[in-house]
Amino acid sequence: VARDILAEGIYACEAMGFPVTLHIHDSIVCRVKEARAKPCYEALMQILCEPPEWGAGLRLGAEGEIGDDLSV
């Protein structure tokens, strides 16, 4: 179930123009220009906290950060 929710989040990010450059387990990384970082982050948090149609009632949460280095 977690994988399906993550996959739907990846598709939704890509559809909004935020390219997913990395994903692993329960994490998604989008690489965007600095000016788009905050809108991308906010969209990603909203996408990942909204249950899919088939999972109505699921309580989801997300957290993240904006960074400028992928070596974390």
Side-chain angles (χ1 to χ4, degrees):
V1 171
R3 178 255 173 234
D4 293 339
I5 292 170
L6 185 70
E8 288 197 22
I10 290 169
Y11 290 131
C13 287
E14 293 278 342
M16 293 181 73
F18 302 123
V20 174
T21 56
L22 173 72
H23 65 88
I24 184 167
H25 301 294
D26 62 353
S27 301
I28 296 175
V29 175
C30 295
R31 188 169 183 183
V32 296
K33 294 186 182 275
E34 188 173 349
R36 295 186 69 206
K38 188 171 180 178
C40 179
Y41 172 80
E42 291 170 351
L44 188 56
M45 293 300 105
Q46 183 177 352
I47 287 166
L48 294 176
C49 288
E50 187 174 317
E53 289 180 23
W54 51 263
L58 284 176
R59 296 186 336 188
L60 302 176
E63 60 184 49
E65 63 186 71
I66 297 172
D68 60 3
D69 186 2
L70 293 178
S71 65
V72 185

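Residues Val20 and Ile24 do not share a hydrophobic cluster, clusters being chains of Ile/Leu/Val/Met/Phe/Trp/Tyr side chains in contact below 4.5 Å. Residues Trp54 and Leu60 share a single hydrophobic cluster, defined by chaining ILVMFWY side chains whose heavy atoms lie under 4.5 Å apart. Cluster annotation: Tyr11 is not connected to Leu48 through the hydrophobic network of ILVMFWY side chains, with a link wherever side-chain heavy atoms come within less than 4.5 Å.
Taking CG of Asp26 as the start and CZ of Arg3 as the end, the distance is 14.0 Å to the nearest 0.5 Å. Summarising the geometry, atom SG belonging to Cys40 is positioned 9.0 Å from atom CE belonging to Met45; distances are rounded to the nearest 0.5 Å. Atom CD1 of Ile28 sits about 5.5 Å away from atom CG of Leu44, to the nearest 0.5 Å. Considering NE2 of His25 and CG of Leu6, their distance stands at 11.0 Å, rounded to 0.5 Å.
For Ala43 against Met16, the heavy-atom pair with the smallest separation is CB-CE, 3.8 Å. Smallest separation of non-hydrogen atoms from Cys49 and Ala62: SG-N, 3.4 Å. Of all heavy-atom pairs spanning Gly55 and Pro51, the tightest one is O-CB, 3.4 Å.
Surrounding CD of Glu14 are more than 12 heavy atoms belonging to other residues, nucleotides or ligands, all under 6.0 Å away.
Residues forming a side chain to side chain contact (heavy atoms under 4.5 Å, CB included) with Ala12 (at least two apart in sequence, or on another chain): Ile47.
Contact annotation: the side chain of Val32 never approaches that of Tyr41 to less than 4.5 Å [non-hydrogen atoms, C-beta and beyond].
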